[in-house]
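Everything below concerns the one structure shown next.
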There are 2 protein chains.
Amino acid sequence: MQRIFGNTIRTFSSSPARWAKATPSKAHLAITPAHENLPRGFVVTGVHAGVKKKEGVLDLGLILSKEPKTSAAACFTRNAFQAAPVIVCQDVLQQTSGHANGLIVNSGCANAVTGKQGLKDAWDMVSATDNLLSKLVPANETPKGSHSSLVMSTGVIGQNLPISKIISAVKETSPESLDSTPEKWEALARAFMTTDTFPKLRAKTFKIGDTDVRIAGIDKGAGMIHPDMGPATPAPGTGSLHATLLGMIATDAAVSPQALQDALTYAVNRSFNSISVDGDMSTNDTVVVFANGASGMKEIDDVTSPEYTKFRDELTDFAAELAQLVVRDGEGATKFVTVNVRGALTYEDAHQVASKISTSALVKTALYGEDANWGRVLAATGSTNLSAPITPNTVSVSFIPTDGSEILPLLKNGEPEKVDEDRAKVILQREDLEIRVDLGMGNEQASYWTCDFSHEYVTINGDYRS
Amino acid sequence: MQRIFGNTIRTFSSSPARWAKATPSKAHLAITPAHENLPRGFVVTGVHAGVKKKEGVLDLGLILSKEPKTSAAACFTRNAFQAAPVIVCQDVLQQTSGHANGLIVNSGCANAVTGKQGLKDAWDMVSATDNLLSKLVPANETPKGSHSSLVMSTGVIGQNLPISKIISAVKETSPESLDSTPEKWEALARAFMTTDTFPKLRAKTFKIGDTDVRIAGIDKGAGMIHPDMGPATPAPGTGSLHATLLGMIATDAAVSPQALQDALTYAVNRSFNSISVDGDMSTNDTVVVFANGASGMKEIDDVTSPEYTKFRDELTDFAAELAQLVVRDGEGATKFVTVNVRGALTYEDAHQVASKISTSALVKTALYGEDANWGRVLAATGSTNLSAPITPNTVSVSFIPTDGSEILPLLKNGEPEKVDEDRAKVILQREDLEIRVDLGMGNEQASYWTCDFSHEYVTINGDYRS
C-alpha cells in the first residue's frame with residue numbers, strides 16, 4: 001500500500017478502486033462573507049501574539065460591540081474538568097446578568113488543567129479586553145456600569161498560556177485597528193484555528209418583521225468533537241461532555257439576555273450538539289452569542305412571540321450550517337454523513353440513537369471503506385437505552401443518496417432487504433450520504449452530522465499532543 | 001510513508017522510531033491445555049460443516065456433558081436486536097430451570113437479524129444436538145426428563161445460516177468422535193474463530209475444600225468488542241449493549257443453577273464486561289457456563305458459604321484471563337493496556353470511568369502513537385456522569401510500567417506534573433502498560449483492559465462485511 005503523507009493516495013491490492021481516493025480539499029468551504037451581511041456595531045481583529053510559535057500565524061482574536069446595551073449568552077462543556085476560560089465566562093455572565101461587550105480568543109493553548117495560574121491568566125485576558133473596550137464604549141452607559149468581556153481558548157491541554165505575550169498584544173492593539181470588513185472577520189476566524197484546514201466563517205441577512213437583521217459566525221474544530229453543551233450550571237460535572245469546539249455568533253438583532261439564552265440553548269442542541277467527528281469530549285467547548293440591537297428593531301423579550309420563534313429558528317439554521325463545517329473538516333474525513341433518525345417516541349430518543357450511530361467506530365470505518373454495512377448501524381441503534389424498549393420488527397434502515405436519486409432500502413420492519421450491491425457502491429462512493437433509521441415507535445426525529453474514520457485520522461491523532 | 005499490507009511496517013518522516021513497529025504476532029498466546037486440567041465428564045469436537053467457504057476450516061463445535069444433572073447459566077447481550085441464538089438460549093434456560101447438557105456453536109454467520117427463519121434454524125440446531133445427546137445420556141435421567149442444548153453463532157450479521165449443512169454435519173457426528181483430549185478441545189476452540197488470529201483456550205485445576213476441581217474455557221473476539229452482558233431478562237433492550245464476544249466455560253464443580261448464575265454474573269461484570277477493543281456493541285454476545293459435578297464434590301447451593309465464594313472468585317479470575325486474550329487479539333492492536341480507576345464512590349462509578357477511558361478514540365490513538373497524552377485521559381474521565389460530581393482537584397493520573405519499575409506521575413490532585421518525557425517514551429514503547437486514575441472521592445476501584453487504535457484497525461474494518 002502506497003502512502004504519500006500530506007496528499008493521501010491510498011491503493012489497496014484487492015480492491016483498488018476503494019482506497020484510491022485522496023482526502024478531499026476543504027478550501028472551497030472557506031467563503032469570504034459579503035460586507036452587507038456583516039452585523040452592524042461590532043468591530044473585530046485577528047493578530048499574531050506568539051502563542052503559536054510560527055511567525056505571522058494568527059492566534060489571538062478580538063470582537064467588541066460598540067453598543068453599550070449588548071446581550072450575551074453562552075453554552076458550555078459539561079466536562080468535570082472545565083478549562084479556566086470556561087469557568088471565567090460563566091462567572092462573567094452571571095455577574096453581568098447576561099450583558100457582555102467583548103470577547104478575546106486565543107488558539108495554540110487551551111488553558112485547561114492549569115490550576116490557579118490558569119484562572120488568573122483567563123481573568124487577566126478579560127481585564128485587558130475590558131481596558132480596550134473602555135476606549136470604545138463609556139462604562140457608565142452599560143447596564144451594569146462596568147465592562148465585561150468573555151474569553152475562550154483552544155489548543156493543547158495542561159500547559160500554561162504565555163500570558164505576557166497575550167496581554168502585550170492586546171495592549172498594542174489600538175481601537176482603530178479593529179474594524180468590520182470581510183478581511184478583518186477572516187483574520188478573526190483564522191485566530192481560532194488549530195487543526196482546522198480552513199477558517200470557518202459565515203454571514204447572512206434575514207428579516208424579523210420588516211427589519212433586516214444581520215448575523216455572522218465563526219467556529220472551529222476538526223477533531224476531538226462530540227459536543228454536548230448546556231447553559232451555565234452551578235454544578236459542573238453532570239451530564240455528558242465533549243471537546244474543543246468553539247463557536248462565536250454576533251448579530252445586530254435586539255434580544256433580551258434571557259430570550260437570547262433560551263434561543264441559543266435550543267439552537268445548540270440541534271446544531272453543535274448534533275455533530276460528531278470522533279466521539280470524544282472536551283474541556284473547552286463553548287458557544288457564545290452576542291446580540292447588540294444595532295439593527296434598530298424592537299427588543300425581543302417574549303419567548304411566546306412570533307418574532308422570538310423566527311429569531312430562534314434562524315439562529316438554529318445558522319448554527320447548524322457552522323456546525324456542519326466542523327464535520328466537513330473532520331480529521332482525515334472523506335465522507336460527510338447525515339444520520340437521520342425518525343419514528344422515535346421522543347426527541348431525546350431520536351438524538352441518542354443518531355448519536356450512537358454517529359460515534360460507532362465500526363460504522364465509521366465501514367463508511368470509509370464504502371461498505372453498505374447496515375448490520376453495524378443496527379447494532380449501534382440497538383445498543384441505546386431509550387424511553388421504551390426498541391421493537392426490532394418495526395425498525396427500518398436505508399441509505400439516501402443526497403442527489404435526490406432512488407433510496408436504497410437495507411432493512412424493512414426488521415427484515416433484511418436484498419441489497420443491490422452495485423447501487424450501494426455508487427451511493428457510497430460519493431462524499432455525501434444520508435443514513436436513515438426509522439424506529440417505528442413514534443413521531444419524533446433528530447438529525448446528526450458525522451464523518452468517516454480513516455487511516456489519516458489515526459495518523460493525525462497518534463502524533464499530536466493535545 | 002511506506003506500508004506493506006499484511007506485515008505492517010510503518011515509517012513516519014518526522015518520528016521514525018515511533019511508527020517503525022510491526023503488529024506483534026499473537027501465536028505465542030495459543031496454549032495447548034494439559035490433559036489433567038480438562039474437566040471430567042465433558043466430550044467435545046470441532047468440525048468443518050461448510051458455513052465457512054474454505055475447505056477444512058473448522059466452523060462448527062459441540063460440547064456435551066455426560067452427567068445427567070448438569071447446571072447451566074449464561075449472560076447475554078442486551079442489544080435490542082438480539083440474535084436468534086441469543087433468544088433461543090434464554091428460552092432453553094428458562095424452560096429447563098438452568099439445566100442444559102449440550103452446546104452447539106458455529107462461526108462464519110451470526111444468525112442475527114434473520115427473522116423467523118433465523119429462529120427456526122437456531123431451534124433446529126438445538127434439536128440436532130439434543131438427538132446426539134440422547135445417544136450419550138438417557139433422557140429420563142435428566143432433571144426435566146428431556147434433553148436441552150444451548151446454541152451460539154458468530155460471524156456476519158443479516159445473512160441466514162446454511163442450515164442444511166450444519167444439520168448434516170451434526171448427524172454425521174458419531175458420539176465416539178467426541179472426546180476430551182487437548183487436540184479435541186483445540187478443535188472446538190478453532191470452531192469459534194472468525195477474525196481471531198489464534199484459538200483462545202485455557203484450562204486449570206483449583207481446590208474447593210479438599211477436592212480438585214477442573215475448569216476449561218474458550219472465548220472468541222477481536223473486534224466490535226465492548227461487552228455489557230447480563231443474565232436473561234424478559235425485556236430485552238434495557239441497559240447498554242455490546243458485540244461479538246462468545247465465551248464457553250465448562251467445569252466439573254458441582255453448583256446449583258441459581259448459585260452458578262450468580263457466580264457467572266459476578267464474574268462476567270469483572271471480566272468480559274471490563275474489556276474494550278473498539279467500543280461497539282453486539283447482537284450476539286453470550287457467555288455460557290456448565291457445571292456437571294463430575295469432580296464428586298458436594299453441590300454448592302448457598303451463596304453465603306465459603307465454598308461459593310471460592311468458586312466465584314476462581315471463576316472470576318479464570319474469566320478475566322480469557323477476556324484479556326480477546327484484548328490481546330484486538331484488531332490491529334500493538335498495545336495491551338490496563339486501565340485502573342480507584343478512589344471512586346462506587347464500583348459502578350469506577351467501572352464507568354474506566355470504560356470511558358478505554359473507549360476513547362483519542363486516548364487509543366495516542367497509545368498507538370506512544371504519546372503520554374494524559375489530557376485526553378482526563379477529558380474522557382471528566383465526561384462521565386457519576387453518582388456525584390467529580391472534584392477536579394482530587395484527581396490524579398499516572399502511567400504504571402508493568403515491569404515493576406518506577407511509576408510516572410502525570411497529574412497530581414488536579415495539578416499537572418512536570419513530565420519526564422524520556423521516561424514516558426521508555427514506558428510507552430513497551431507492549432504492556434497500566435493507566436491509573438485516582439478520583440480521590442472514595443474507596444472503590446475497577447479495572448478495564450483495552451488496546452490501542454491503529455491504522456490496521458481501520459484497514460481491517462473498512463473491508464469486512466460483518
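Order of the sequence lines sets the chain letters (A, B, ...), proteins ahead of strands, with each chain counted from 1. Values in this document were obtained by computation on a predicted structure and should not be read as measured data.
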Pick whichever of G414(B), P416(B), A112(B) has the most heavy-atom pairs under 4.5 Å with chain A.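 Max contact count across the listed options: P416(B).
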
What part of T391(B) gets within 4.5 angstrom of chain A, counting heavy atoms only: side chain, backbone, both, or neither?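 Neither part, no heavy atoms under 4.5 Å.
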
Basic-acidic side-chain contact under 4.0 Å: E415(B), K116(A):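 No salt bridge links E415(B) with K116(A).
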
Any side-chain heavy-atom pair from Q352(B) and N385(B) closer than 4.5 angstrom?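 Q352(B) vs N385(B): side chains touch.
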
Do I275(A) and L245(A) have side-chain heavy atoms sitting under 4.5 Å apart?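 I275(A) reaches L245(A) side chain to side chain.
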
Any donor-acceptor N or O pair under 3.5 Å, side chains N160(B), T114(B):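 Distance-only check fails for N160(B) and T114(B).
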
Using heavy-atom distances under 4.5 Å, tell me whether L411(A) contacts chain B through its side chain, its backbone, both, or neither.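 The side chain, not the backbone.
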
